[in-house]
Amino acid sequence: MEYNHKSLEKKWQKFWADHETFKSADTHEKPKYYVLDMFPYPSGAGLHVGHPLGYIASDIFSRYKRLKGFNVLHPMGYDSFGLPAEQYAIQTGQHPAITTEANISRYREQLDNIGFSFDWSREVRTSDPSYYKWSQWIFMQLFNSWYNNESNKAELIDTLVSCFETVGSKGINAVSDDDVLSFTAAEWLAFDEEKQQRELLKYRIAYLRESTVNWCAALGTVLANDEVINGFSERGGFPVEQKKMMQWSMRITAYADRMLQGLDLVDWPEPLVEMQRNWIGKSVGALVKFPVPQLDTNIEVFTTRVDTIFGVSFVVLAPEHELVSKLTTDEQQTDISAYIDRTSKKSELDRMSDTKTVSGAFTGSYAKHPITGEDVAIWIADYVLASYGTGAVMAVPSGDQRDYLFAKHFNLPIVQISDSQQIEEEADPNKEGKYINSDFMNGMNYQDGVTAVIAKLEELKLGKAKINYRMRDAIFGRQRYWGEPVPVYFKNGLPYLIKEEELPLLLPEVDKYLPTETGEPPLGRAENWKYEDQYDYELSTMPGWAGSSWYWFRYMDPQNEQTFASKEAVDYWKSVDLYIGGSEHATGHLLYSRFWNKFLKDLGFHNEEEPFKKLINQGMIQGRSNFVYRLLSDEGKGTNTFVSYGLKDQYNTTPLHVDVNIVVNDILNLEKFKASRPDYAAAEFILEDGKYICGTEVEKMSKSKFNVVNPDDIIETYGADTLRLYEMFLGPLEQAKPWNTNGIEGVYKFLKKVWRLFHDAEGNFKVSNDEPTKAEYKALHKIIKKAEDDIERFSFNTSVSAFMICVNELTDLKCNKRAILEQLVIVLQPYAPHISEELWSLLGKEDGSISYATYPTFVSDYLVESEFAYPVSINGKMKMNLLLALDLDAKAVEEIVLSNEDVKRFMDGKALKKLIFVKGKIINIVV
RNA sequence: GCCUAGGUGGUGGAACUGGUAGACACGCAGGACUUAAAAUCCUGUUUCCGUUAAGGAAGUGCGGGUUCGAUUCCCGCCCUAGGUACCA
């Protein structure tokens, strides 16, 4: 029989499913290994060849780890709440659950075709009530907790209440809203229920507060910062505006520092770690107050260079700053109003792109310098952002380029404050020299200066050291239908949790998936949906990231009805050892997941500070579009004649996308092209060398560009094993690359070669029981070692090449030895599981599946006289060039005599080994 | 602007700690088998010089440097991709 991928792949996929081959046991005999893929949102378009890239890599690794004797957890599920299903529901009226179900079936079918070793018994779906029950439960814990800075962890709100009851608010060091009250224990006890709850809400980790949010009118919902890109929504690209609303938020900022420190504990790609660091944006600096005696208040600024305080020549407020109107003098009123008017008209986008123009206006008022007491002019300018720090800055033109430009433009003083500053052309922020013009700091260096100035400010009660973060608390509510209901009802306008035993709070049915006439979220349409028949439920739902911020725990114990995952399961599986997914989740999912993980740890549900130990970002697979060139008539109209790529410049043509599925190696299949559309039926071609060559371009893979390649089509033609090998062969896993089917024949040929090696001319399976030769063993053991080395460093593309080399060698040796095949198929199994299983069973193995086999150990004896000892090594360092430098011919050398001078020259005086290898030959070195 | 990654044949890419650059594959050219096609196999394929060959020279974005030796390390530039942006 020839290699028939179709029948044998179906056969083994069925075998694995029937035998639950990949079901992972919660046993303790074997060491555990948890390999996780970022679970997909099941979209209506199905999978294209780019989607499985990461899944294939993780599957190879999982299968490899199983062969290495690990109890591997490799699950898959669906992040099935989300916007597209809901948008579809709005258009068609079809319930999102139905759309979602259909999409999931399609996904499952496509995934199954690729032959993954997922443990499907652990499948989760975030939109399933048995799952979102626990998303709601975790929300309840977050609502019921506060962050204690003293213990540096989240604690149940009861501990805060008992503090209030015994000593009042004094001594509480919590992460909270800014407007918390000060009270004694007696005062607290005298508060009524409503006042107490209102106060506690300022401490809860999940809290409700009036805040400025990103409002997307087109989607009818608020969005988190990571869902907004340059002022437009990530999904759909609709404009987003700032709006004040009562909103649920998560106090993720409480964890800012731990999230930063945790990055040192994980093995993640550097760019990703860097992205999270920037997103968190820690700035160490100080808060400084500039008194404004006439208003009996202070302007508070945040600065990272408090040491430059004597260089302050003015203060700048954001145009939106609350003190602006009070500070503006009558003479300046026109100027300021005009300026505010102008900036408010600028869109967020304009304001960001226009960073070159210096603009601002003088309020007419002066503040007092906190130390010298001198008058400092107060300006407003849009380079100061209301949303960062305090919305006000102290301007030090000599040390900050923006302040410098501003000062130059408006002719404000520029004071040199360090003897090392060069400020003729631009600001100089260096910290090298000694301070000048700086009062008591004169002559000090940077370190001493900072300490001295902060001490002075604290003494004056006009400043203190302060750490500022760029990261904001995460908005948690969405005014949408297709998400988890928030398990909260309202009494007297205050939120209360429903009882735990009332979970899950099911998503109610609605007549339409649109906001109500009064502008309430779709859940406002649900009839008779009241808590205890009288209280209103929260009408917003949870954001998309709620369900994905803890799902790796659910896989550990997916059916548990008592808890989100049992203590035993969590203690055994701990955290994810290898996580594979795209880098687009750097500041969303991966941040929120770390946050919830830390929170759940604080409450004692598990012991892992970080959820994902090692993370790999698979590169995005882009589309590779093909083009045909339509000849234009003299009037510039399209004709029905198409010019081949190489000749197109000789004609007047216009490029058109052509379906990549009717193009092979950039050569257009003319018949299929004519059949593709009725108006092409009579198409004519201007060919080169008898062929029609298409042009190409790398673009995003999408339907509109006719460059979508469906894995099912590849599998139909070449098989799943070929697809798996080819996706790995395409290049380094982490690198973005265009999908190009041009090279796939190569790996397909490789599999056919493997097959033929152990089949005779008639196509019958045939192996020899003879003892393999040394050369045959060498070829085998080389691949055993190489595949293992490569897989451990996630270099899958090079090991596919190594397999090809190995099989080419075995083919040259005409090797069909049983002893070789037995081990070869095990090593090949992670990459090409179907053909390996088939050959394994043809070998007459009775233990059922190759998946239970053990990875072979390589024997170094076979490798000594090979490339591995290549070519000359002394202390593992000096190689071939030693001979070259001494002008010796490697082939002729039997013995090398080195003078002490040579040794010194080459070895840096280190001890010299007596033996070296030259092309596998051992020769002496005499010193 | 800043941060990060990268730049190697016609193409995808390999070279793991500084040690024969271009593995492997695609494509291309030539050949074998075949009535023919498909499939399969063999040979060649960085560039230039050399009629073929033997052989030689150059060569990993550009310019320098360290080293017996640099795709790899260092300095300065150019370009590409991703992220981020008046963050005080």
> Counting any heavy atom closer than 4.0 Å, what does A:Asn808 reach on the DNA or RNA strands: base, sugar-phosphate only, or nothing?
Replying inline: sugar-phosphate
> Counting side-chain heavy atoms from C-beta on, which of B:C87, B:U4, B:A23 comes nearest to A:Pro271?
Replying inline: B:U4
> Are A:Lys431 and A:Tyr446 in a cation-pi contact, defined as NZ or CZ under 6.0 Å from the six-membered ring centre and within 45° of the axis?
Replying inline: yes
>> Side-chain N or O of A:Asn797 versus OP1/OP2 of B:A14: is the shortest distance under 4.0 Å?
In response: yes
> For B:G12, which nucleotide in any strand shown is its Watson-Crick or wobble partner with both distances under 3.5 Å?
Replying inline: B:C24
>> Ring-plane angle category for A:His759 and A:Trp755, please: parallel below 30°, perpendicular beyond 60°, tilted otherwise.
In response: parallel
>> Which nucleotide, if any, forms a Watson-Crick or G-U wobble pair with B:A39, using both distances under 3.5 Å?
In response: none
> In whole angstroms, how far is the C1' atom of B:A5 from the CE atom of A:Met620?
Replying inline: 16 Å
>> For A:Trp268, give me all partners under ring pair (Phe, Tyr, Trp, His ring centres under 6.0 Å), at least two apart in sequence or on another chain.
In response: none
> Are A:Arg277 and B:U84 close enough that a side-chain N or O sits under 4.0 Å from OP1 or OP2?
Replying inline: no
>> Measure CE/A:Met804 against C1'/B:C26 and give the value in whole Å, please.
In response: 10 Å
What are the atom names and distances for every N/O pair under 3.5 Å that joins the protein to nucleotides 36-40 of chain B?
| from | atom 1 | to | atom 2 | distance (Å) |
| --- | --- | --- | --- | --- |
| B:U40 | OP1 | A:Lys752 | NZ | 3.3 |
| B:U40 | O3' | A:Arg756 | NH2 | 3.2 |

>> List the residues meeting salt bridge (Lys or Arg N to Asp or Glu O under 4.0 Å) with A:Asp307, not counting sequence neighbours, and say none if there are none.
In response: A:Arg305
> A:Tyr831: what forms a ring pair (Phe, Tyr, Trp, His ring centres under 6.0 Å) with it, not counting sequence neighbours?
Replying inline: A:Phe803
>> Syn or anti for B:G76? Use the chi torsion, O4'-C1'-N9-C4 for purines and O4'-C1'-N1-C2 for pyrimidines, with syn inside 90° of 0.
In response: anti
> Are OP1 or OP2 of B:G13 and a side-chain N or O of A:Gln735 less than 4.0 angstrom apart?
Replying inline: yes
>> Is the phosphate of B:A23 approached by A:Thr798 (side-chain N or O, under 4.0 Å from OP1 or OP2)?
In response: no
>> Tell me every residue that passes side chain to side chain contact (heavy atoms under 4.5 Å, CB included) with A:Ser801, counting only those two or more places apart in sequence or in another chain.
In response: A:Phe729
> At under 4.0 Å between heavy atoms, what does A:Pro738 touch on the DNA or RNA strands: base, sugar-phosphate, or nothing?
Replying inline: nothing
>> Just to verify, what does A:Phe302 make a ring pair (Phe, Tyr, Trp, His ring centres under 6.0 Å) with, not counting sequence neighbours?
In response: none
>> Taking only side-chain N and O atoms of A:Asn278, does any of them lie within less than 4.0 angstrom of OP1 or OP2 on B:C87?
In response: no
>> Students often get this wrong, so: under 4.0 angstrom with heavy atoms, is A:Phe729 touching a base, only sugar-phosphate, or nothing?
In response: base
